[in-house]
Each structure stands twice: as structure tokens, then as C-alpha cells.
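Note: hydrogens, waters and symmetry copies are ignored here, and every other heavy atom, side chains too, is used. Chain letters run A, B, ... following the sequence lines, proteins first and then strands; every chain starts at 1.
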Amino acid sequence: MEWFARAMFEPKAAPRSELELLARARALAGVSLGELALQFGVSVPESQLRAKGWVGQLLERALGATAGSRAKPDFEGLGIELKTLPVDARGKPKESTFVCTIALTEIGEVEWEHSRVRRKLARVLWVPVEAEASLPFAGRRFGEPLLWSPDSEEEAELRFDWEELAGRIGMGELERITGHFGKHLQVRPKAAHSRVRRRGIDEDGAYVEAPPRGFYLRPSFTLRLLRKYYAAPARA
DNA sequence: CGCTGATCATAG
DNA sequence: CTATGATCAGCG
């Protein structure tokens, strides 16, 4: 029985190439969360209320992601980040996509080229997941994956937003930034709860305690990625 | 019903 | 406590 347990319940070995990773992801298209969970011997939560990252973590195991909770690309050797994308019946993203947290005391010193946002988004494997409220959680299926890097237009758009937001934070205006800023990239809280504080910098350059923030991609941005893909599939 | 601000689980 | 994985829930 041991061979069986290993074959069924162990995380997959890390993929050795983009093509191998993509092939694995494509093989999951149409597979439901319940089916995949069964292969790994885990039970499907009743809802995501207390299991918000469950789908992403299940997929990490199935695809052989290596980073765990370390600040590394999910597929270290390949430099690829994995993102699940909850979509409605029409394929439209239902949520924003978390990109990375913001080092409040450093972001004012960094150029876009070396930013965490740019590095994170340099190569992303997007995997759509059905997320209609009417669908039982276990029955929701994975969609066709998209291995993406920003084209020059997308990068310019992200850079524009990042430079405004990073610039403001660097100027000590963090407290005045809301989720309203940024056309594609926005800044929102990222914490266990609203009482969490992190060291930041105020307008005078002094250290202050501030709620942790993260960069997020708006659903309109990820929708456009999927649209491009569906319009011109069959490219890796 | 979209969007922003708040929140939840788990690993190291 | 900080990093990862995200979605929840209420207001406009």
C-alpha cells in the first residue's frame, strides 16, 4: 500500500521545464476540485470562508510547486509564479489578484526594473477556476491555463501605476492611498486583521506604524489577459 | 453588483 | 511574526 500512498498522496516532483509544467496544467483543465483533492487524499472544505487559499495550495501540490511559504517563485528553477483566477460562468475574473506585499520603508528607493511587482509578474501561470456561487465547491473545475509574460503595453501600464503608487508611498503619503488609485494595479490592506501594524515612513521621513499593504491586480486587467488568450489560443 | 477595506488558514 | 495562498462582506 505504500507505493499507492506515495503515488496518490505525495506532491508531484517539480517540473523541469516550462513545457512540462504547462502540460501538467493543461491536463487539469476540466478536472474538478473534488477529483483533484481525492488524488491527494485531502477533503474539500465546505466553503472558502475559512479556506481562502485552499484552491491555490491544492494546485501547487498537483503541479509540483517548490516555494512553499518562502518569498520565492512557486517554481523556483523556472522562475514562474502560479496564480489561480476565480472566474464566473462567462470567464470573467471575480476577484482581484494579490501580487505582493509592500516593503514600506524601501519602496521609495526602488526603481520599477527592480521592483517586486515586476519580478513577480515577469512570468505567471494563470489557472482559471470556476467560482460561480451556484456551483458546489467540490464540483468547480479548472480551466485552460495561460502562461503569460507582460507584453510591452502591459508592462508600460503596470509601470505607470506602480510609479505613481510607489512614488506616493515613498513621499510618506501611504495613509492617503486608497484602493481607488491605479488603473490596473492598486494598493489595498494585506493582513490578518485591521489591527496589524508594520513599520512605515511618514511625510517627514520618520518611522511610523502602519497597516501592511499589498499590490493587487484589478479584475479588468486579468480579464483582458484571458480575452487575449481565448482570442489567440495554442501558443505557449 | 462592483469595489474597497477586512479577514482567514498555514508554514517556517 | 512574516511569508505564502487568497476570498469575504458591506457600502455606495
Side-chain angles (χ1 to χ4, degrees), chain A residues 11 14 25 33 36-37 40 42-76 79-107 116-117 119-121 124-138 140 142 145 161 165 169 174-200 209-224:
Chain A
L33 300 181
L36 192 57
F40 286 92
V42 300
S43 53
V44 181
E46 279 193 28
S47 82
Q48 293 181 106
L49 180 57
R50 296 189 178 278
K52 297 185 179 181
W54 187 84
V55 177
Q57 287 161 357
L58 177 66
L59 193 58
E60 285 181 348
R61 296 178 63 171
L63 295 179
T66 54
S69 68
R70 292 171 300 141
K72 296 281 183 179
D74 293 302
F75 302 95
E76 295 175 82
I80 296 176
E81 183 70 20
L82 175 65
K83 290 291 180 192
T84 57
L85 202 50
V87 296
D88 68 16
R90 308 181 49 166
K92 182 180 175 187
K94 294 195 61 168
E95 299 283 354
S96 54
T97 301
F98 173 69
V99 179
C100 59
T101 51
I102 304 176
L104 298 174
T105 55
E106 297 168 16
I107 190 161
R116 298 169 60 167
V117 171
R119 268 183 291 156
K120 271 282 186 192
L121 299 181
V124 180
L125 181 66
W126 298 99
V127 179
V129 182
E130 291 179 325
E132 286 282 277
S134 61
L135 290 174
F137 190 53
R140 299 180 186 183
F142 294 100
D161 286 346
L165 294 164
I169 295 170
L174 177 68
E175 301 304 333
R176 291 206 286 275
I177 296 180
T178 70
H180 296 278
F181 291 78
K183 183 170 180 186
H184 310 285
L185 195 64
Q186 62 181 168
V187 169
R188 306 221 309 271
K190 166 64 174 173
H193 51 78
S194 58
R195 299 175 302 279
V196 175
R197 289 297 181 275
R198 188 72 61 83
R199 195 169 292 285
E209 298 300 310
R213 314 299 175 98
F215 282 111
Y216 293 78
L217 291 174
R218 294 182 181 279
S220 54
F221 186 85
T222 46
L223 171 63
R224 205 179 50 182

Query raised in the report: What is the distance, rounded to the nearest whole Å, between atom CZ of F215(A) and atom P of dA6(C)?
Result: 19 Å
Report summary line: Separation of dA3(C) atom P from E60(A) atom CD, nearest Å, is 17 Å
Query raised in the report: Tell me: NE2 of H184(A) to P of dT4(B), nearest whole Å?
Result: 14 Å
Query - Side chain of K83(A) - closest among dT2(C), dA6(C), dT7(C) - result: dA6(C)
Query - Distance test, side-chain N/O of Q186(A) to OP1/OP2 of dT4(B), below 4.0 Å - result: yes
Report summary line: DNA chain C nearest-nucleotide lookup for T84(A) and A71(A): closer to the 5′ end is A71(A)
Query raised in the report: Thinking salt bridges, do E209(A) and R198(A) make one under a 4.0 Å N-O criterion?
Result: no
Query raised in the report: Are the side chain of R116(A) and the backbone of I102(A) linked by a donor-acceptor contact shorter than 3.5 Å?
Result: no
Query raised in the report: Counting just side-chain N and O atoms, does K94(A) come under 4.0 Å of either OP1 or OP2 of dT7(C)?
Result: no
Requested in this report: Specify the separation, in whole Å, of atom CG of L82(A) and atom C1' of dA6(C).
Outcome: 12 Å
**Report entry** Nearest-neighbour nucleotide for the P86(A) side chain, dG5(C), dT7(C), dA3(C) considered
**Finding:** dT7(C)
Report task. Do nucleotides 5-12 of chain B as a string where each nucleotide becomes B, S or -: B if the base has a protein heavy atom under 4.0 Å, S if just the sugar-phosphate does, - if no protein is that close. Result -> BBBBS-BS
Query - Sugar-phosphate only, base, or nothing, as touched by P211(A) at under 4.0 Å among non-hydrogen atoms - result: nothing
